Amino acid sequence: MDAKSSDLSQLHAMVPPSDRLMNAGWRGERGDPSLGDMFATVRTAAKGSLWRKLLAFLGPGYLVAVGYMDPGNWATSLAGGSKFGYVLLSVALLSNLMAIVLQSLCTRLGVATGRDLAQACRDSTPRWVSVPLWLSAEIAITATDLAEVIGTAIGLSLLFGLPLSIGVCVTALDVFLILALQAFGFRWIEAFVVALLGIIALCFAIQIAMAEPDWAEVVKGFVPSGQLIANPEMLYLALGILGATVMPHNLYLHSGLVQTRGYGDSPEDKREAITLSTIDSTIALCLALTINASILILAAATFHRTGQRDVAELDQAHSFLAPLLGSTLAPTLFAIALLCCGLNSTITATLSGQIVMEGFLHWRIAPWLRRLITRMIAIVPAVVVTIWAGEKATGQLLILSQVVLSLQLPFAIVPLVLLTASRAKMGQFVAPRWLTAIASLIAVVIIALNAKLVWDLAIG
């Protein structure tokens with residue numbers, strides 16, 4: 001047994017038997033904790049004010065919120081804003097509300113049971129179900145990573161002039177960034193992510209100020225429109241935004257990240273941890289909505305207003321911003337924000353990939369090796385498309401990756417809702433009926449929209 005395995009065994013031994021096998025609802029013990037090298041490494045405050053306690057729990061929600069701002073989301077928001085103006089802001093808002101509900105369930109599952117979503121699915125389902133669920137999760141992570149590869153490469157190209165095919169290959173080196181951050185501790189990873197989020201927010205704040213959008217139309221855009229269902233093209237982009245926002249891998253990620261906090265084992269401690277972690281994710285997702293909506297507002301206020309209704313390529317948007325806003329600063333800020341988004345997303349994709357693989361397969365490999373495997377899977381199609389179809393095809397590939405994510409959502413949402421609604425598995429922490437009802441409605445809406453999208457694509 002190597003040193004790491006020994007450490008994980010010690011961590012497992014420290015977990016009370018009542019937590020390992022919470023009750024008869026589970027078929028087996030939890031096993032090694034999620035993200036074992038980071039499990040319970042962040043100290044929490046047992047006493048003090050609510051703010052002091054909350055500070056210890058702030059962090060995981062911001063890693064989850066990165067899903068709002070990955071490069072794939074940029075492509076769908078740019079396409080939606082340029083073609084339909086502010087109309088799709090209502091989809092961004094609806095997606096945000098859905099995310100808040102679903103991430104609260106992830107928090108509840110992770111804290112109450114000591115299992116992440118992948119571990120819970122493996123324990124609760126037969127192999128013929130758990131294997132497809134695992135494959136679905138891996139497809140979602142690959143689609144996410146594909147968007148990150150292309151977005152980061154475009155950011156490098158815009159800032160430093162690197163050819164896109166070379167930039168795609170360079171993105172494989174980000175594994176060393178993640179390894180360096182992990183060596184300092186999980187709080188350093190969170191601090192890095194929050195710092196990049198701050199840079200992104202500042203970049204967009206300046207660009208929005210330059211664009212001077214019609215704020216009355218912005219407010220109207222947050223009101224849902226019947227066009228979303230009647231217009232197949234609008235629905236396609238709406239599902240892309242939905243897939244880029246409520247991302248499947250985030251559900252697995254959050255249920256594991258909450259366990260990095262060293263909260264107590266008593267019911268009172270767990271209940272408080274659920275509350276504080278939910279506050280953390282809600283604040284982070286509301287902040288992310290602001291940035292996510294800013295991408296669409298910027299596209300509507302610049303491209304749609306000037307009659308450029310088919311802007312979906314990131315490099316195309318970059319080149320158009322300077323003449324439209326009358327400043328060379330705007331495209332530079334756009335490129336910096338894009339690069340920060342790509343770097344941020346690589347961290348969350350790595351962690352979620354680790355959680356999914358360990359939870360479903362009980363297969364533990366070095367994080368750097370896992371990262372390289374998923375990176376290579378994403379790099380190959382990105383390089384092929386870039387060389388074969390040219391750089392202009394990358395925007396459509398980004399949008400397609402987000403629709404793939406949306407199609408994978410039911411395979412993560414349905415198990416999450418069923419697990420958290422089970423009193424046998426959750427005990428006293430079972431989700432209230434009203435919360436389960438809302439989450440179930442979200443699942444039904446997403447599945448129905450996906451079905452209509454597939455039908456529209458099938459009939460042309």
Side-chain angles (χ1 to χ4, degrees), residues 11 14-16 18-19 22 33-69 96-97 99-116 181-202 250-251 253-291 344 347-348 351 355 420 426-429 431-432 435:
L11 277 173
M14 291 169 61
V15 180
S18 60
D19 277 2
M22 186 175 175
S34 181
L35 299 174
D37 52 342
M38 305 176 193
F39 177 72
T41 56
V42 179
R43 298 177 59 185
T44 59
K47 298 180 180 180
S49 64
L50 176 64
W51 174 247
R52 182 166 178 260
K53 292 180 179 180
L54 180 59
L55 281 176
F57 283 86
L58 293 179
Y62 293 90
L63 271 70
V64 171
V66 167
Y68 273 68
M69 295 160 282
N96 184 76
L97 296 175
I100 289 175
V101 172
L102 297 175
Q103 298 304 157
S104 71
L105 292 182
C106 293
T107 294
R108 184 176 294 269
L109 176 68
V111 174
T113 69
R115 302 167 191 257
D116 59 58
L181 290 172
Q182 286 181 335
F184 287 101
F186 192 69
R187 273 300 207 186
W188 280 88
I189 294 178
E190 294 175 343
F192 181 78
V193 167
V194 172
L196 290 183
L197 289 179
I199 294 173
I200 296 167
L202 179 61
N250 270 347
L251 304 180
L253 176 66
H254 201 189
S255 59
L257 290 183
V258 293
Q259 298 179 52
T260 60
R261 269 48 189 173
Y263 45 82
D265 296 321
S266 69
E268 293 76 15
D269 290 333
K270 288 188 174 182
R271 197 172 299 280
E272 183 177 62
I274 291 173
T275 299
L276 295 175
S277 295
T278 302
I279 293 174
D280 164 50
S281 61
T282 301
I283 294 174
L285 288 173
C286 288
L287 174 63
L289 171 63
T290 304
I291 298 175
N344 251 351
I347 297 176
T348 59
L351 294 175
I355 289 171
T420 52
M426 299 291 293
Q428 63 180 298
F429 299 104
L435 183 57

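A quick note: this is a predicted structure, and the numbers were derived from the prediction, not measured.
Atom CG of Leu109 and atom CZ of Phe429 lie 12.5 Å apart (nearest 0.5 Å). Atom CG of Leu63 is separated from atom CG of Asn250 by 9.0 Å, given to the nearest 0.5 angstrom. Annotation: the span from Arg108 atom CZ to Thr275 atom OG1 amounts to 8.0 Å, rounded to 0.5 Å. To the nearest 0.5 Å, atom CG of residue Leu105 and atom OG1 of residue Thr420 are 4.0 Å apart. With values rounded to the nearest 0.5 angstrom, Leu351 atom CG is found 5.5 Å from Met38 atom CE. Rounded to the nearest 0.5 angstrom, Asp116 CG and Leu253 CG are separated by 10.0 Å.
Proximity of a side-chain donor or acceptor of Asp280 to a complementary backbone N or O of Gly59 within less than 3.5 Å is detected. Side-chain atoms of Asn344 never come within 3.5 Å of backbone atoms of Val66 as a donor-acceptor pair (strictly under, hydrogens ignored). Checking side-chain atoms of Thr278 against main-chain N and O of Ser104 turns up no donor-acceptor pair under 3.5 Å.
Salt-bridge formation is not detected for the pair Arg271/Glu268: no Lys NZ or Arg NE/NH1/NH2 atom is positioned less than 4.0 Å from an Asp or Glu carboxylate oxygen. Under the 4.0 Å criterion applied to side-chain N and carboxylate O atoms, Glu272 and Arg261 are not assigned as salt-bridge partners.
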With side chain to side chain contact (heavy atoms under 4.5 Å, CB included) as the criterion, how do Val258 and Ser277 come out once you've worked through the C-alpha distance, each side chain's angles and the decisive distance to 0.1 Å? CA-CA 7 Å; Val258 293; Ser277 295; 4.2 Å; yes
Assess whether side chain to side chain donor-acceptor pair (under 3.5 Å) is satisfied between Ser266 and Asp269, documenting all intermediate values. CA-CA 5 Å; Ser266 69; Asp269 290 333; 3.0 Å; yes
Assess the residue pair Leu276 and Lys53 against the criterion (side chain to side chain contact (heavy atoms under 4.5 Å, CB included)); give the C-alpha distance rounded to whole Å, side-chain angles, the decisive distance to 0.1 Å, and a yes or no. CA-CA 8 Å; Leu276 295 175; Lys53 292 180 179 180; 3.9 Å; yes
For the pair Phe39 and Thr260, evaluate side chain to side chain contact (heavy atoms under 4.5 Å, CB included) and give the outcome as yes or no after the intermediate values. CA-CA 5 Å; Phe39 177 72; Thr260 60; over 6 Å; no
Working for side chain to side chain contact (heavy atoms under 4.5 Å, CB included), residues Glu190 and Leu58: CA-CA 9 Å; Glu190 294 175 343; Leu58 293 179; over 6 Å; no
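Using a 4.5 Å heavy-atom threshold, the side chains of Leu251 and Gln103 count as touching. Contact check for Phe186 versus Leu257: side-chain heavy atoms found under the 4.5 Å cut-off. Between Asn96 and Ile100 the shortest side-chain heavy-atom distance falls below 4.5 Å. Counting only heavy atoms from C-beta outward, the side chains of Arg187 and Thr41 never approach each other to under 4.5 Å. In this structure, Val193 and Leu196 have side chains that are not in contact, with every pair of non-hydrogen atoms separated by 4.5 Å or more.
Of all the heavy atoms in Ala65 and Ala284, the pair that sits closest is CB-O, 3.6 Å. Counting all heavy atoms, side chain and backbone alike, Cys106 lies closest to His254 at CB-CB, 4.0 Å.
Applying the side-chain contact (heavy atoms from CB on, under 4.5 Å) rule to Ile283 yields the partners Tyr62, Ile279; only residues at least two apart in sequence or on another chain are considered.
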